[in-house]
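On a predicted model such as this, the values are computed, not experimentally measured, just so you know. In what follows, every heavy atom counts, from backbone to side chain, and hydrogens, waters and symmetry copies are set aside.
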Amino acid sequence: MSTLNFGTVDQCSVTLNTATLLGLKAAYEDFAATGQDLHNFEICITDKRASTVDPMPDDDVVTITFVAKLIPGMRGLGNANRLGKSIHYVIAPETGEILGTVGTK
């Protein structure tokens, strides 16, 4: 079992803490306002500190990324297709507040 900023990860399960759930809700509401179809996306939740080799104090955040899927048979970046534009949210692990939003490629 791994304990991360967003909760715990076990072999067959993930337990999200309340702040991550609130951040996911806030990120989804912001994402929904773009009018993009959620069916065309995958959602990735990352503990930035745990995913960085030499973490800095600013890396103590959770990121939530709505990643646009590729059109079947197409190669390239997720943003390089008609299915949507990926959006990356930076979330405070203590409160779930959105600290920043970035379009990704």
S.K.: Verify the cluster assignment for Y28 and I98: are they in a single hydrophobic cluster under the rule of side-chain heavy atoms below 4.5 Å apart?
M.R.: yes
S.K.: Give a yes-or-no answer on whether the side chains of T20 and N17 include a donor-acceptor pair shorter than 3.5 Å.
M.R.: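 Note: T20 and N17 side chains meet the donor-acceptor criterion.
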S.K.: Does T46 reach the side chain of K48, with side-chain heavy atoms less than 4.5 Å apart?
M.R.: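 Counting from C-beta outward, T46 and K48 never come under 4.5 Å.
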S.K.: Show your reasoning for whether side-chain contact (heavy atoms from CB on, under 4.5 Å) applies to I43 and V67.
M.R.: CA-CA 6 Å; I43 295 92; V67 182; over 6 Å; no
S.K.: May I ask you to test the Y89-T65 pair for a side-chain heavy-atom distance under 4.5 Å?
M.R.: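 No, side chains not in contact.
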S.K.: Would you kindly confirm whether V90 and I45 end up in one hydrophobic cluster when ILVMFWY residues are joined by side chain heavy atoms under 4.5 Å apart?
M.R.: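 V90 does not cluster with I45.
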S.K.: When hydrophobic residues are tied together by side-chain contacts of less than 4.5 Å, even through go-betweens, does F66 share a cluster with L16?
M.R.: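 They do share one cluster, since a chain of ILVMFWY contacts under 4.5 Å joins F66 to L16.
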S.K.: Looking at A68 and S86, what are the two nearest heavy atoms and their distance?
M.R.: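 The answer is N-OG, 2.8 Å.
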S.K.: Side-chain atoms of residues 32-40: list all donor-acceptor pairs with protein atoms under 3.5 Å, sequence neighbours left out, distances to 0.1 Å.
M.R.:
unit_1: T34; atom_1: OG1; unit_2: F31; atom_2: O; d: 2.6
unit_1: T34; atom_1: OG1; unit_2: Q36; atom_2: N; d: 3.4
unit_1: T34; atom_1: OG1; unit_2: Q36; atom_2: NE2; d: 3.3
unit_1: Q36; atom_1: OE1; unit_2: K85; atom_2: N; d: 2.6
unit_1: Q36; atom_1: NE2; unit_2: K85; atom_2: O; d: 3.2
unit_1: D37; atom_1: OD1; unit_2: H39; atom_2: N; d: 3.0
unit_1: D37; atom_1: OD1; unit_2: H39; atom_2: ND1; d: 2.8
unit_1: N40; atom_1: ND2; unit_2: L83; atom_2: O; d: 3.4

S.K.: With hydrophobic residues grouped by side-chain heavy-atom distances under 4.5 Å, do I91 and V9 end up in a single group?
M.R.: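 Yes, one cluster joins them.
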S.K.: Got a second to check how far E94's CD is from L22's CG, nearest 0.5 Å?
M.R.: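 Taking CD in E94 and CG in L22, the distance rounds to 12.5 Å.
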S.K.: Should V102 and V61 be counted in the same cluster of Ile, Leu, Val, Met, Phe, Trp and Tyr side chains packed under 4.5 Å apart?
M.R.: no
S.K.: May I ask you to test the T101-I87 pair for a side-chain heavy-atom distance under 4.5 Å?
M.R.: yes
